[in-house]
Every structure is written in C-alpha cells, then in structure tokens.
Amino acid sequence: MNIQTMKKNLILFVLLISFFSFFSCSIDYSVPGSNESSKPEFMFKDVSFSRVEQGREKAVLYAEDIELYEDENGMYGKGLSFVVYNEDGSVSVAGSCGLFAADTTAEDYVFFDEVNITSYEQDIRVMADNIHWDGKSQQLVSAGASPVRIYSGGFGNSDSSSMNAEITGMGFSADGESLSYQFSEGVSGIIYTEDSGGGQ
C-alpha cells in the first residue's frame, strides 16, 4: 500500500467518526471537556455503522456507548472499534480503544485507554494510552509522558510477514501528509534479525 492509500484509509476512519457531525454531543467517562451538567438528547448502546461505496462495505465502526447532546460540538463514547477494507475485501486497517472524544466541527479527535491501530498493508501496529488526531493539520500525537509502542512486521497480509522491530518512546508525533513519525524522548527498542532466529 502506498502513502496515498494509507492517508485515504485514515481519512475514511475520521469520516466515519464525523458521521455524527450534524449532532452535538458529550458523555462523561472522565474525559477532559465533558460537561456533567448536560443531559444527553440521544443515547445509543451497541451501535454499528457501515460505509458502503459502489455496493461494497468499505468500513465498519462499532461503539458500546455514544451520547449525543443538542448544545455542544463534542462527541464522547466508549468501546470503539473499526475496520477499513480494501477493494478485494481484505482488511486494510483495524483499531480499537476504550474511550473516545471528538469535536467534529474542529476536526479534533482523541482516543484513550488501550488504543490499538494496525495497518495490515503497512505491516505495522501502534499501541498507546492516548492518541490525538488533528484533522485540520493532519497531525497524530500522544499527550504528555504517555509512552507509545510501535511494532513493525508480523501483521501483513502475506504469509512471509514476521516481526522485525519493536520501538517504544514518549513524545510521539506523526505527520498525516508524509506518514513519517518521530519520538522526542525515552526511545528504546528491539530489532529482530533472521540470522539470530528472532533474537535481538
């Protein structure tokens, strides 16, 4: 998969979240910015949304709980999981998190609690306690001193894919345009080689 395809998949996932943009919403799961004084206009339990293009299911979004409010521009919920499919029906990207918050007007999305995003075509997995996506600047960052772990290899669609690296660090940031990423501190990792039989 090339950079453009990866970018399209990330944008597609954000568009699924933006499905709620015509509503205003909030939920309090100890997520910063939630408004305890508000009462939800709508409450959804165990909801699933699918995006279909040319008769094919392109993406599926599931959430355990979502609450929508009339007077706010945020959306909060829990138990999020999603899958983005390739044209041949194989899984391109899949992910999950325990909690999520979104301001669809500002294109600002925050994912908390065991964030797990896997790109099967890029053969990479990102795991974190929290990830923030700014749709306008196309920036993906972690907050504070929260570590982010990246696994490379072992997730590809081919049988020959095997784990070749694990990298952990803090101050994670990634650019959605170039799909490059970096850590600002505390970087450590393991490189696996075939000669060492999967050793360090």
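None of these values were measured; they are calculated from a predicted model. Along the sequence shown, residues are numbered consecutively beginning with 1.
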Side-chain contact test, heavy atoms from C-beta onward, threshold under 4.5 Å: evaluate it for Asp65 versus Lys45 and give yes or no.
yes
How about Ile66 and Val47: do any of their side-chain heavy atoms sit closer than 4.5 Å?
yes
With rounding to the nearest 0.5 angstrom, report the CZ to OG distance, Phe155 to Ser119.
10.5 Å
Is there a side-chain contact between Trp133 and Val110 (heavy atoms, below 4.5 Å)?
no
Carefully, step by step, assess Asp108 and His132 under the rule side chain to side chain contact (heavy atoms under 4.5 Å, CB included).
CA-CA 8 Å; Asp108 195 54; His132 171 224; 2.4 Å; yes
So, do Cys97 and Asn116 sit near enough that their side-chain heavy atoms are less than 4.5 Å apart?
no
Show, in sequence, the C-alpha distance, side-chain angles and deciding distance for Val148 and Val126, and conclude whether the side chain to side chain contact (heavy atoms under 4.5 Å, CB included) test is met.
CA-CA 7 Å; Val148 173; Val126 177; 3.8 Å; yes
When you compare the side chain of Val52 with that of Lys58, does any pair of heavy atoms fall below 4.5 Å?
no
Side chain to side chain contact (heavy atoms under 4.5 Å, CB included) evaluation trace for Ile167 with Val187
CA-CA 7 Å; Ile167 303 170; Val187 180; 4.0 Å; yes
What distance do Asp175 atom CG and Ser180 atom OG have between them, rounded to the nearest 0.5 Å?
5.0 Å
Using the test ring-ring contact (aromatic ring centres under 6.0 Å, His included), find all partners of Phe183 that sit at least two apart in sequence or belong to another chain.
Phe172
Take Tyr85 and Val91 through the test side chain to side chain contact (heavy atoms under 4.5 Å, CB included) and record every step on the way to the result.
CA-CA 5 Å; Tyr85 296 99; Val91 176; 3.9 Å; yes
Separation of Glu87 CD from Gln54 CD (nearest 0.5 Å):
7.5 Å
In Å, rounded to the nearest 0.5 Å, how long is the span from OG of Ser146 to CG of Asn130?
4.5 Å
Glu64 side, atom CD; Tyr62 side, atom OH - distance, nearest 0.5 Å
5.0 Å
Check for me, please, whether Ile190 and Met170 land in the same ILVMFWY cluster - side-chain distances under 4.5 Å, paths through other members count.
no
Side-chain touch Ser96/Leu80, heavy atoms, less than 4.5 angstrom:
no
How about Asp113 and Phe100: do any of their side-chain heavy atoms sit closer than 4.5 Å?
no
Side-chain touch Val93/Phe82, heavy atoms, less than 4.5 angstrom:
yes
